[in-house]
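Heads up: the structure comes next, in structure tokens.
Whatever order the structure lists them in is the order used to number ligands and atoms, beginning at 1.
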Amino acid sequence: MKEPLVKLCGNRSLADLAKTTSSGATHLGFIFVKKTKRYVRPENVGRWVNLLRPRQKLVGVFVEPSIQELEEVLHFVDLDVIQLHGNETVSELLKIKEAFGLPVWKVIHHHKDGEKLMEVFQGVADGYVIDSKVEGAHGGTGVSFDWEAVPKYRDLAHEQSVSCLIAGGITPERVEELMTFNPEGIDLSSGVEVNEQKDIGKIQSLMREVERYVASIPGR
Ligand SMILES: O=C(O)c1ccccc1NCC(=O)[C@H](O)[C@H](O)COP(=O)(O)O
């Protein structure tokens with residue numbers, strides 16, 4: 001078992017980013033989906049990351065973006081990963097990979113055919129984020145799915161030799177329970193927020209739980 005990837009997503013301000021970068025998170029996420037509550041302007045994100053020079057990988061979250069939309073963001077922000085959080089097709093993923101040469105993570109909204117959908121993206125997606133399916137929303141809902149399903153998603157991604165992060169309603173209080181299913185990585189937004197801002201206390205208590213889990217891995 002390896003140390004889990006930790007993605008802190010939905011950074012909305014320089015203050016949020018200062019808190020998330022100071023944690024041991026491996027990935028920091030930004031929502032570039034217009035008309036959603038965590039949308040951030042790419043020019044602002046470009047400025048923030050230059051001020052902070054984060055060591056962590058930067059992930060841009062999009063829903064069915066056009067190539068032009070992606071170009072506009074990448075002009076300002078040097079993303080490490082493009083995360084597609086909508087109903088994108090294999091051919092759309094291929095076009096995006098060809099256009100930018102960046103790793104593309106596909107979000108699978110957990111449902112009974114989630115595994116079949118991962119098979120469809122085999123050899124194309126460079127990673128997966130498994131999130132809850134909530135009517136009328138794409139992500140950042142604070143709603144979790146049945147974590148009994150985590151091992152099957154993790155193993156399928158492992159067979160494809162790509163990463164798999166679990167998202168949806170994870171909180172510092174519940175992360176210990178989630179870790180019993182040995183996810184490769186976790187992705188949080190609402191669970192480390194208070195009043196729509198990232199909360200340093202919640203981030204620190206999340207990272208303490210993750211460290212406790214890491215310390216319990218045999219051979220450490
Ligand atoms: O966060 C949003 O507002 C959002 C909007 C549209 C598409 C995706 C969005 N969030 C994606 C994320 O990566 C979240 O981290 C993930 O869904 C987990 O969210 P939460 O349940 O709040 O921890």
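Environment of NZ in Lys95: sparse, with no more than 12 heavy atoms of neighbouring residues, nucleotides or ligands closer than 6.0 Å. For Lys57, the NZ atom is loosely surrounded, since the number of other residues' heavy atoms within 6.0 Å does not exceed 12.
To the nearest 0.5 angstrom, Ile217 atom CD1 is 8.5 Å from Met179 atom CE.
Here the shortest heavy-atom distance to atom 11 (C) of ligand 1, taken over Gln83, His85, Arg12, His138, belongs to His85. Taking only non-hydrogen atoms, the option from Cys9, Ser144, Gly168, Gly139 nearest to atom 18 (C) of ligand 1 is Gly168.
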With salt bridge (charged side-chain N to carboxylate O under 4.0 Å, His left out) as the criterion, how do Glu209 and Arg212 come out once you've worked through the C-alpha distance, each side chain's angles and the decisive distance to 0.1 Å? CA-CA 5 Å; Glu209 286 301 323; Arg212 238 156 50 91; 3.2 Å; yes
Residues Lys198, Asp16; criterion salt bridge (charged side-chain N to carboxylate O under 4.0 Å, His left out); working and verdict: CA-CA 5 Å; Lys198 298 298 181 225; Asp16 274 358; 5.3 Å; no
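In this structure, Gly142 counts as a contact residue of ligand 1, since one of its heavy atoms falls inside 4.0 Å of the ligand. Within the structure, ligand 1 has Gly169 among the residues with a heavy atom less than 4.0 angstrom away.
Under the 4.5 Å side-chain criterion, counting only non-hydrogen atoms from C-beta, Leu84 is in contact with Phe62.
Residue Asp187 has at least one N or O atom closer than 3.5 Å to an N or O atom of ligand 1. Not one N or O of Val61 is nearer than 3.5 Å to an N or O of ligand 1, by distance alone.
Here Lys37 has no heavy atoms under 4.0 Å from ligand 1, in either its backbone or its side chain.
Screening Arg154, Gln160, Gln83 for a side chain to side chain donor-acceptor pair (under 3.5 Å) with Tyr128, the sole residue that qualifies is Gln160. Screening Val129, Val150, Asp131, Asp187 for a side-chain contact (heavy atoms from CB on, under 4.5 Å) with Ile166, the sole residue that qualifies is Val150.
Annotation for ligand 1: atoms under 4.0 Å from non-hydrogen atoms of Ser190 are 20 (P), 22 (O), 23 (O). If you number the atoms of ligand 1 from 1 as listed, the ones under 4.0 Å from a heavy atom of Asp131 come out as 16 (C), 17 (O). Shown in contact with Lys7 at under 4.0 Å from a heavy atom are these atoms of ligand 1, numbered in order with element: 13 (O).
The closest protein non-hydrogen atom to atom 23 (O) of ligand 1 is Ser189 N, 2.9 Å. Closest to atom 19 (O) of ligand 1, if we only count protein heavy atoms, is Gly140 CA, 3.2 Å. Protein heavy atom at the shortest distance from atom 3 (O) of ligand 1 is Arg38 NH1, 3.2 Å.
Counting only N and O atoms by type, the side chains of Asn50 and Arg47 include no donor and acceptor under 3.5 Å apart.
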